[in-house]
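Numbered from 1 within each chain, the chains take letters A, B, ... in sequence-line order.
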Amino acid sequence: MDRYNFKIVEDKWQKIWDKNRSYSVKIDKHKKKFYCLEMFPYPSGKIHMGHVRNYTIGDVLARYKTLQNYNVLHPMGWDSFGMPAENAARQNKLDPKTWTEKNISVMKTQLKKLGLSIDWDKEISTCSADYYKHQQEFFLELYDKELVYRKESYVNWDPVDKTVLANEQVIDGKGWRSGAIVERKKLNQWFFKITKFSKELLESLDGLEEWPNKVKVMQKNWIGRSYGCEIKFQIESNKKIDEIKCYTTRPDTLFGMSFLALSVDHPVSKFYENDKEFIKFKKECSKTGTTEESIAAADKLGFKTDLLAINPLDESIKVPVYFANFVLMDYGLGAVFGCPAHDQRDLDFAKKYNLKVTPVVRPDKDKAFLVNDKAYTESGYLFNSKFLDNLKVPDESIDKTISYLEENNIGQKKTNYRLKDWGISRQRYWGCPIPIAYDEKNNPVKIPKEMLPVKLPKIDQLNSTGNPLDEMLEWKNIKIDGKQCTRETDTLDTFVDSSWYFLRFCSPQNENYGFDTDEVKYWMPVDQYIGGVEHAILHLLYSRFFMQALSYKNNKFDIKEPFSGLFTQGMVCHETYKDQNNNWVSPDEIITIQGKKFLKENEEPIKVGASESMSKSKKNTIDPEKIIKDYGADSVRLFILSDSPPEKDVQWSDEGIKSSYKFIQKLWVLNQKFIEEISKNHARNHNSDLEKITNKFIKEITHNIENFSYNKIVANLHEIYSSLNKIILNKIEKEKLIENYKKILIAISPVIPHFSNECMELVNIKEKISWPKVEESFLIEDNIKYIIQFNGKTRKIIETKKNISEDTLIKKIKEDNKLNEFLKNKNIQKKIFIPNKLINIITT
RNA sequence: GCCCUCGUGGUGAAAUUGGUAGACACAAAGGACUUAAAAUCCUUGCCGCUUGCGGAGUGCCAGUUCGAGUCUGGCCGAGGGCACCA
């Protein structure tokens, strides 16, 4: 028998699919559509195992849906703007474009070797002007709808690299690349008004039934809605301040107020901008502003003003006003009233500055209650609160207090969101230029539509620091309507690129606009989106915002949610290895002798560490290209799906991939047995279990694909192999054998497409294939396995005819030598009889 | 601190509505074939007594039930998210 030569077979089928453009699709209104999308890759150089897993999961689904006669859109593109290209360009002294394009071509070849059913005619790349031209139009569209604005805001500034850093690029207060201490710098930045849609983005999460709950919860928390109240405080002062407004979720604790705290950036701070002590205090506050943990752990600091705030519920109570380091300007109103008894931060602050602690909520109505070191935040009843006394906290107390405040024009009910507007300016070269210029008075001017795209100027070599666009005077200076202007040199955050690419895939060549309305109407929304959970908030929230923004004031576009189904896959992990000096060692440098691992070089023993997600720094990566070369794409696909459910992490192992490879070889042997068997001319049997086995398999595999239980599909493959292998030489009727074998080959084709296509060709399946239907009639069992329990313990499983009566079953039990023993000298107290399943006999 | 998820053999995991716990694999051990090795095939979760059978068993402790991996409450542990959000 021949061995299965995956090299020849896989290459052959990939060429056929390419040549026939087998996966190119067009709108077909007679067919149901299915849009299957995996998060597109950043072209960093080579594909990694994470990509392999992501795209295999998507490909199984796309192939399955195609076999179910859906019109399947399964495209691929490149998220090709971004920092790694700039960094690589700086290091290697070349143009980011050259580097990016080279990577794309390498990775495209690699992806093709995985045998993915991708419509390559729809390939897009976000760094191409054909793509970002439309993004610039969208920017201007949102600008016209007042969903884009410019304001001064603080950024993380790396003074050495002269660039803005994202929060996650600041490690312990230092730039990740330069190591310089990051400064807080105020810059003019462009923002998308994502907060305008806070309510919609939050509330429509409930309609996303095919999203993982985890992701919805994360987005909910991120948007962070709270219900509360704005309260006006009259101020006693010699300055021109008459009132300060605070936001609170606990207006019912107002009688417990003992101070008012303001953010150092609060408008009132302008009265203190010449106060030396205040300037010193403000500086002190900004020092503790780097990592989030340090903020949380930081001491409460305050600066006492000469102002007094009047309690609006009792004008005789006057409390001091402080600036405090724990009050944030960009949440609520940048001012809070302090109620130490019922808020831990306020209590810490009050202790430090010797302020009054007046409890106003107590757990029991009539018992005395004191607060010592721990603020009381539980439910209870109001006291020390005059006319509010005895209200139930929080059920009555909050609403009643708000009503009172509203009636007396002191406060107003208010819903607040934690979500902040999306800052989209990046002081970077390799990104989409913002289509704006500034006139002589520095007012922003839109670049007219006919002057789009604003192309990124070519660059031979990036300097080591800063944004080269700043220095390109020829490019920067531009005349708009005869007026001399200067271009915006910031580029857009690359998350903007990925916020609408799924629309572009519907009509990637459309020139007039980012997408063709008919195409988008047909294909959108994405039925199944698949990617890593690390994008749970940013990318997925931004994309949802983009749909809100496009449909806002636009009657031609009404897609509010881009992804109706979402699946977040786990990571690919591998054991980690260290040598005797605790240096990371890569799996290729190791040999295994009798289950123990040694360094190839000098046979020094290796310390085996925990399995962790593959990363270059831990040297535990496995190169998919090499694995495909050694074992073939089908083996890799099979292994990456086996063992762990796709939403969990999977352990890569050498043994595992080898066993997948062997399994495909076994299937090949089986295929040869089949060919030989049908060529024989011997007498054949009428009866066989083949239909039962096949239909059970089809039923299970269908159920498992529908539920993303891909690890179970692999188990199904092993099971069908084993059952088929047992009966294939049983002289089954030829037609029956062929028909069932064909169904099996089709059902395994989404997972191992090259192999099954080759087999189908060899066994002469030529007609158009589609997903086999389960014929339930074959699954009806005549015999039933009865579980026989005594006192809840299973003692035996006996096979009987279907639908026998309880009495008949009892009779059978009494006839059974073993079971009879359990009835000897016992009284039957009770019987639980579940027809065709189980009997539980309770004896005493 | 708050929120979410998860605890099943040596390992990754199955168990669709509460009804045979450990499917399917990996590893290890033993066996078969072989002059030998590789490859292949078979057996093996634990504790007891020779096949067979019995007992315990799904992080821990209770509860509901004829019956709990699955449902309820409490505790312990791991992972993830948010974090001075008023």
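Remark: the separation of the P atoms in B:C47 and B:U11 is 16 Å, to the nearest Å. Annotation: B:G59 and B:U8 have their P atoms spaced 6 Å apart (nearest Å). Spacing between B:U20 and B:G57 at atom C1', rounded to whole Å, works out to 15 Å. Comparing the C1' positions of B:A83 and B:U65 gives an interatomic distance of 43 Å, to the nearest angstrom. Using C1' as the reference atom, B:A21 and B:U16 are 16 Å apart when rounded to the nearest Å. B:U44 and B:A23 have their P atoms separated by 10 Å, given to the nearest Å. Comparing B:C60 with B:A68, their C1' atoms sit 16 Å apart, to the nearest whole Å. Across the C1' atoms, B:G79 and B:C85 are found 25 Å apart, a figure rounded to whole Å.
With both pairing distances under 3.5 Å, B:C2 is matched to B:G81 as a Watson-Crick or G-U wobble pair. Pair assignment for B:C60: B:G74, on the basis of Watson-Crick or G-U wobble contacts that are both within less than 3.5 Å. Base pairing of B:A27: no nucleotide in any strand meets the Watson-Crick or G-U wobble criterion (both distances under 3.5 Å). Shown here, B:A39 forms no base pair; nothing in the strands shown gives a Watson-Crick or G-U wobble contact with both key distances under 3.5 Å.
One interatomic measurement links the two molecules: CD1 of A:I701 to P of B:A23, which rounds to 20 Å at whole-angstrom precision. Between A:L819 atom CG and B:C53 atom P there is a gap of 11 Å when expressed in whole angstrom units. Across the protein-nucleic acid pair, A:F790 atom CZ and B:C53 atom P stand 14 Å apart, rounded to whole Å. In this structure, the CG atom of A:L347 is 16 Å from the P atom of B:G1, given to the nearest Å. What separates CG of A:D649 from P of B:U5 is a distance of 18 Å, to the nearest Å. When the C1' atom of B:C85 is taken as reference, atom CZ of A:F326 falls 12 Å away, rounded to whole Å. In this structure, A:H266 atom NE2 and B:A86 atom P are separated by 17 Å, rounded to whole Å. One atom, CZ of A:F697, and another, C1' of B:C24, lie 13 Å apart when rounded to the nearest Å.
With distances taken from any side-chain atom of A:E719 to the nucleotides B:C24, B:C4, B:G54, the minimum falls on B:C24. Distances were taken from every side-chain heavy atom of A:W222 (C-beta onward) to each of B:A21, B:A83, B:G12; the shortest belongs to B:A83. Side-chain proximity of A:H703 to the nucleotides B:U16, B:G19, B:A86 is greatest for B:U16. Closest contact between the side chain of A:V327 and the listed nucleotides B:A86, B:C4, B:A14 involves B:A86. In the set B:A56, B:C84, B:C85, B:C85 carries the atom at the smallest distance from any side-chain atom of A:Y331. The side chain of A:A715 lies closest to B:A23 when the candidates are B:U16, B:A23, B:C3. With B:A13, B:G81, B:C84 as the candidates, the nucleotide lying closest to the side chain of A:M218 is B:G81. The A:T248 side chain lies nearest to B:A86 when the options are B:A23, B:A13, B:A86. Considering only side-chain atoms of A:K712, the nucleotide from B:C84, B:A14, B:A86 that sits closest is B:A14.
Ion pairing between A:K282 and A:D265 holds under the 4.0 Å rule for side-chain N and carboxylate O. Classification of A:D299 and A:K352 as a salt-bridged pair holds, one side-chain N sitting under 4.0 Å from a carboxylate O. Remark: A:K220 engages A:D206 in a salt bridge, criterion side-chain N to carboxylate O under 4.0 Å.
At B:G81, none of the side-chain N or O atoms of A:K214 fall inside 4.0 Å of OP1 or OP2 (strictly under the cut-off). For the pair A:R418 and B:A83, the criterion of a side-chain N or O lying under 4.0 Å from OP1 or OP2 is met. Within the structure, every side-chain polar atom (N or O) of A:N221 is placed at least 4.0 Å from both OP1 and OP2 of B:C2. OP1 or OP2 of B:G55 lies within a sub-4.0 Å distance of a side-chain N or O belonging to A:R795. Listed pair A:K666 / B:C41 meets the phosphate criterion, a side-chain N or O lying under 4.0 Å from OP1 or OP2. Within the 4.0 Å cut-off from OP1 or OP2 of B:C26, not a single side-chain nitrogen or oxygen of A:S653 is found. Contact annotation: A:Y247 does not reach the phosphate of B:C85 (side-chain N/O to OP1 or OP2, under 4.0 Å). Side-chain nitrogen and oxygen atoms of A:H718 include at least one within less than 4.0 Å of the OP1 or OP2 phosphate oxygen of B:A25.
By the rule that a glycosidic angle within 90° of 0 means syn, B:G45 does not qualify and counts as anti.
At a threshold of 4.5 Å between non-hydrogen side-chain atoms, the residues A:D654 and A:I657 count as touching.
Between A:Y631 and A:F639, the distance from one ring center to the other does not fall under 6.0 angstrom.
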Determine, stepwise, if the pair A:S226 / A:N416 fulfils side chain to side chain contact (heavy atoms under 4.5 Å, CB included). CA-CA 5 Å; A:S226 70; A:N416 220 336; 3.8 Å; yes
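More than 12 heavy-atom neighbours from other residues, nucleotides or ligands sit within 6.0 angstrom of NZ on A:K216. Counting heavy atoms of neighbouring residues, nucleotides and ligands inside a 6.0 Å radius, atom CD of A:E799 exceeds 12 of them. Open room surrounds NZ on A:K726; 12 or fewer heavy atoms of other groups in view lie less than 6.0 Å from it. Heavy-atom contacts from other residues, nucleotides or ligands closer than 6.0 Å to CD of A:E243 number more than 12.
Residues from residues 654-665 of chain A placing a heavy atom under 4.0 Å of any atom in RNA chain B, listed by number, are A:E655, A:S659, A:K662.
Positionally, the nearest nucleotide of RNA chain B for A:K837 lies more toward the 5' end than for the other of A:K837 and A:A335. Between A:T249 and A:K793, the residue anchored closer to the 5' end of RNA chain B is A:K793, taking for each the nucleotide with the nearest heavy atom.
You won't find any donor-acceptor pair under 3.5 Å spanning the side chain of A:K818 and the base of B:C53, going by distance alone.
Using a 4.0 Å heavy-atom cutoff across all strands shown, A:V533 reaches no nucleic acid atom at all. As judged by a 4.0 angstrom heavy-atom cut-off over every strand, A:K648 is placed among residues touching the sugar-phosphate backbone only.
When all heavy atoms are compared, the tightest approach of A:S723 to A:E719 is OG-O, 2.7 Å. The shortest non-hydrogen separation linking A:A350 to A:V357 is CB-CG2, 4.4 Å.
Taking the six-membered ring for Trp and thresholds of 30 and 60 degrees, A:W668 and A:Y4 have ring planes inclined between 30 and 60 degrees apart. The aromatic rings of A:Y786 and A:F833 lie parallel to each other, with less than 30° between the two planes, well short of the 60° mark.
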Using the 3.5 Å cut-off, write out each protein N or O paired with an N or O of nucleotides 64-68 of chain B and the distance between them.
from  : atom 1 : to     : atom 2 : distance (Å)
B:C66 : OP1    : A:K830 : NZ     : 3.3
B:C66 : O2'    : A:N840 : ND2    : 3.4
B:C66 : O2     : A:N840 : ND2    : 2.5

